[in-house]
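Below: one structure, written as structure tokens.
When a residue number appears, it is its place in the shown sequence, counting from 1.
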Amino acid sequence: MPATVIAERLEWSGSITWFRENVRRLRPEHRPVDPADRLSWAAGDAAQCDLWFPPRKIPLEDGTAVLLPVLVIVAAHSRFVTARMIPTRKTEDLLLGSWELIQQLGAVPRRLIWDNEPGIGQKGRLAQGVAAFAGTLAAKVVQLRPFDPESKGIVERRNGWFETSFMPGRAFASPADFNAQLADWLENANGRVVRTIKARPVDLIEHDRSRMLPLPPIPLQLGWRERVRLGRDYYVRLDASDYSVDPQAIGRIVDVTADLDRVRVRMDGRVVADHARVWARGSIVTDPAHVETARRLRQQFQQPRPAVVGDDLTRDLADYDRAFGIEGVA
């Protein structure tokens, strides 16, 4: 309740500044108590996951610069850190990034701890595809309740560490350049002694990994997936950008798939487009070979078809006569 409202209810007629200062001094004594436990993390049990937004815009393909998310996963027992920049906060990219970082860990933590990130799920309900992802890994996705920062404090502190130790003095030419510099830095960072555990994450990760679950033996079907009928302009749209497709597939059903790096289009299992994925929204990606094929097909379509002559014409007249009972004309 604001101090001014309290003063009004008490019919206070003195100095409002004095009243505000004393209300501010008394509030902590009447605030509800929220104890914070000292948490311990068993080997192989959990990994804390979060998105960190570097306070610097990254140049993209179209010349613009934007703030992009960095997915961070920290093995809670060993404090081993993995991270990489991803194009969006959407579920498809979060799962692709998570799978890549879990493979870097070399095993699957039994619990993946998240806050209420919309791409993972909110209010106790997982986003579409997240439950299947966790089921394939045989892991459990844990969504924290609001006002529970301690349960994800390890990864939160790593995010702050990135801003104070990794970012200063650096420049980035692209998301790929950012990821390359971050990977080099993390190799050294995981070799430093962590004060709270008095050990280096690189020395503890093997024990942590030994208690985790094995990686699934089959490849995971992750990423962007869509089935569409290719229109006359022979482009497909993925995450607000357009990619050209072989025009010979116009009018046919094609399957569009994408991961963090590539966009591929298949027709009847055959690849009819393969592009590097662009991170700039609203981009148009064109393969010159597709443009040349479209030009050739357009010329063929515009040429008049030759008239039917000779044997074909005779055969057509004979069929006509038989249909109407006329004898001996052909």
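- Within a 6.0 Å sphere centred on CD1 of I284, heavy atoms belonging to other residues, nucleotides or ligands number 12 at most.
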Fill in: Chi angles and distances behind the side chain to side chain contact (heavy atoms under 4.5 Å, CB included) call for M167, R56
CA-CA 9 Å; M167 291 297 293; R56 190 174 303 165; 3.8 Å; yes
Practice prompt. Dump the intermediate steps for ring-ring contact (aromatic ring centres under 6.0 Å, His included) on W99 and F133, then the final yes or no.
Written response: CA-CA 9 Å; W99 174 232; F133 172 72; 7.1 Å; no
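- With hydrogens and angles disregarded, no donor-acceptor distance shorter than 3.5 Å links the side chain of H275 to the backbone of V285.
- Once rounded to the nearest 0.5 Å, the distance linking CZ of R232 with CD1 of I250 reads 7.5 Å.
- The shortest side-chain heavy-atom distance between E156 and D50 falls under the 4.5 Å cut-off.
- One N or O on the side chain of T91 and one on the backbone of G119 form a donor-acceptor pair closer than 3.5 Å.
- Side-chain N or O atoms of R270 include none that pairs as donor or acceptor with a backbone N or O of R266 at under 3.5 Å.
- Counting only residues at least two apart or on different chains, the salt bridge (Lys or Arg N to Asp or Glu O under 4.0 Å) pairs with a member in residues 235-259 are K90-D239, R227-D255, R237-D242, D239-R277, D239-R281, R252-D268.
- In this model, no donor atom of one side chain and acceptor atom of the other lie less than 3.5 Å apart for W114 and Q48.
- Looking only at atom types and distance, the side chain of T88 has a donor-acceptor partner in the side chain of D93 under 3.5 Å away.
- Just one of F53, F178, W52 meets the ring-ring contact (aromatic ring centres under 6.0 Å, His included) condition when paired with F162; it is W52.
- Among residues at least two apart or in separate chains, salt bridge (Lys or Arg N to Asp or Glu O under 4.0 Å) pairs with a member in residues 206-220 are E206-R209.
- Q181 and D177 share a donor-acceptor pair across their side chains, judged by distance under 3.5 Å alone.
- No more than 12 heavy atoms of other residues, nucleotides or ligands lie within 6.0 Å of CD in E187, so this atom counts as exposed by the packing criterion.
- Side-chain atoms of E61 come within 3.5 Å of backbone N or O of A280 as a donor-acceptor pair.
- The backbone N or O of L238 sits nowhere less than 3.5 Å from a side-chain atom of S241 that would complete a donor-acceptor pair.
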Fill in: Verdict with supporting geometry, L51 and V72, side chain to side chain contact (heavy atoms under 4.5 Å, CB included)
CA-CA 6 Å; L51 289 180; V72 184; over 6 Å; no
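- Side-chain N or O atoms of S78 include none that pairs as donor or acceptor with a backbone N or O of P201 at under 3.5 Å.
- Between L182 and M85, every side-chain heavy-atom pair lies at or beyond the 4.5 Å cut-off.
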Worksheet item: Given L105 and I205, is the side chain to side chain contact (heavy atoms under 4.5 Å, CB included) satisfied, shown in steps?
Response: CA-CA 8 Å; L105 288 176; I205 184 59; 4.3 Å; yes
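- There is no side-chain donor-acceptor pair under 3.5 Å between T286 and Y243.
- In this structure, the side chain of R229 engages the main chain of G251 through a donor-acceptor pair within 3.5 Å.
- The closest donor-acceptor contact from the side chain of W41 to the backbone of G44 lies at 3.5 Å or more, if one exists at all.
- Although no hydrogens or angles enter the test, the distance criterion places a donor-acceptor pair under 3.5 Å between the side chain of N116 and the main chain of K123.
- Residues W18 and W12 place their aromatic rings such that the two centres sit under 6.0 Å apart.
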